[in-house]
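Data first, discussion second: the structure below is written as structure tokens.
In each ligand, atom 1 is the first atom listed, and ligand 1 is the first ligand listed.
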Amino acid sequence: NPAINLSLRLIPYSENLWLLVARDVSRLLHLEQMRRDFVANVSHELRTPLTVVHGYLDMLDPAEHPDWAPMLAEMQRQSQRMTQLVEDLLMLSRLESTDTLPAEETVAMSSMLSTLRREALALGQNRHEVSVEDSAGVDLWGSNKELHSAFSNLVGNAVRYTPAGGTIRIAFRREGAGAVLEVVDSGYGIPAAHLPRITERFYRVSTSRSRESGGTGLGLSIVKHVLNLHQARLDIASEVGRGSTFSCHFSAERLRRRDHIEQTA
Ligand code: ADP
């Protein structure tokens, strides 16, 4: 029956006997699809009301209502957070429901790195030292939008989990026949026990610190999915109190010669 999905496992039984265990996972896959559709639909439906709330909040001038100023600021902050959460949920649903990239193009890495540096400085309000190394001399082949969102999540985390005065280094260099994009921070670090689960949806090391930092808990899941779509691997090395290194490893097939003039604004 083509409508049945089977999961097959071969288990050694004795010296020359193997057991083939077949499990019908059709219902599991169906439920997983329902979960994805539900999340995508709810996120989509939340978009319009949020835009309206956000729009009206923007029209309220705190100068006209000085008593309300702190409440207005908090409402704005929370509605912005909710908007980000909805956007991240939509992006994750989209990434989960495909195994191909929407479009492939040259990803100009020199301007990508400048953009990431600008974003890091803006997000951290210039309170970190941000350096960029661009020694790979090649570009990537993939989706600009998706890769930007993955790298920007890593850089955003580096800023949010590094106290003011700390350093953040974004490096793109060759590694064997491939290339690696590394985001290194001198921040709080991640305890080893948490590393295996850190890329799961909504998984957080310290809920209070992460909430305060303004993240949605979906960043690293998005990074993982985007890298998978580019057949790239994410490595995480971290030491509590010293900082973390997130490395995205790209194979030679994803590299393109950098032979055009880039605009570095
Ligand atoms: P969040 O929105 O909570 O930052 P992420 O999926 O991006 O969600 O990250 C998951 C968790 O991993 C974070 O809540 C934080 O505990 C931890 N984390 C991610 N990046 C870093 C980092 N650079 N330094 C320390 N902890 C990090």
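For atom 23 (N) of ligand 1, the nearest non-hydrogen atom of the protein is Asp185 OD2, 2.8 Å. Among all non-hydrogen protein atoms, the one lying nearest atom 11 (C) of ligand 1 is Tyr203 O, 3.6 Å. Atom 7 (O) of ligand 1 has Asn157 ND2, 2.8 Å as its closest protein atom, hydrogens excluded (heavy atom only).
Any N or O atom pair closer than 3.5 Å counts here, and Ser221 shares no such pair with ligand 1. When only interatomic distances are considered, the shortest N/O to N/O separation between Tyr161 and ligand 1 falls below 3.5 Å. Remark: ligand 1 and Ile198 share no N or O pair separated by less than 3.5 Å (distance only, no angle test).
The side chain of Ile190, and not its backbone, has at least one atom closer than 4.0 Å to an atom of ligand 1 (non-hydrogen atoms only; side chain from C-beta on). With a heavy-atom cut-off of 4.0 Å, Arg160 touches ligand 1 through its side chain alone. When non-hydrogen atoms are compared, ligand 1 lies under 4.0 Å from neither the backbone nor the side chain of Tyr188. Counting heavy atoms closer than 4.0 Å to ligand 1, residue Val223 contributes nothing at all.
Remark: of the listed residues Asn41, Asp88, Val39, Val42, Val39 is the sole one forming a side chain to side chain contact (heavy atoms under 4.5 Å, CB included) with Ser93.
Contact check on Arg233 versus Asp235 returns a salt bridge, with a Lys/Arg side-chain nitrogen under 4.0 Å from an Asp/Glu carboxylate oxygen. For Glu87 and Arg47, the salt-bridge test passes: some basic side-chain N is under 4.0 Å from an acidic carboxylate O.
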(request) In sequence, state the C-alpha distance, the side-chain angles, and the governing distance for Glu105 and Lys145, and then conclude on salt bridge (charged side-chain N to carboxylate O under 4.0 Å, His left out). (result) CA-CA 10 Å; Glu105 62 215 324; Lys145 188 168 164 264; over 6 Å; no
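Of the N and O atoms on the side chains of Gln78 and Glu74, at least one donor lies less than 3.5 Å from an acceptor on the other residue.
Between Gly217 and ligand 1 there is a heavy-atom distance shorter than 4.0 Å.
Using a 4.5 Å heavy-atom threshold, the side chains of Asn153 and Leu220 count as separate.
In this structure, His230 and Phe250 have perpendicular ring planes: the angle between them is above 60°, well past the 30° mark.
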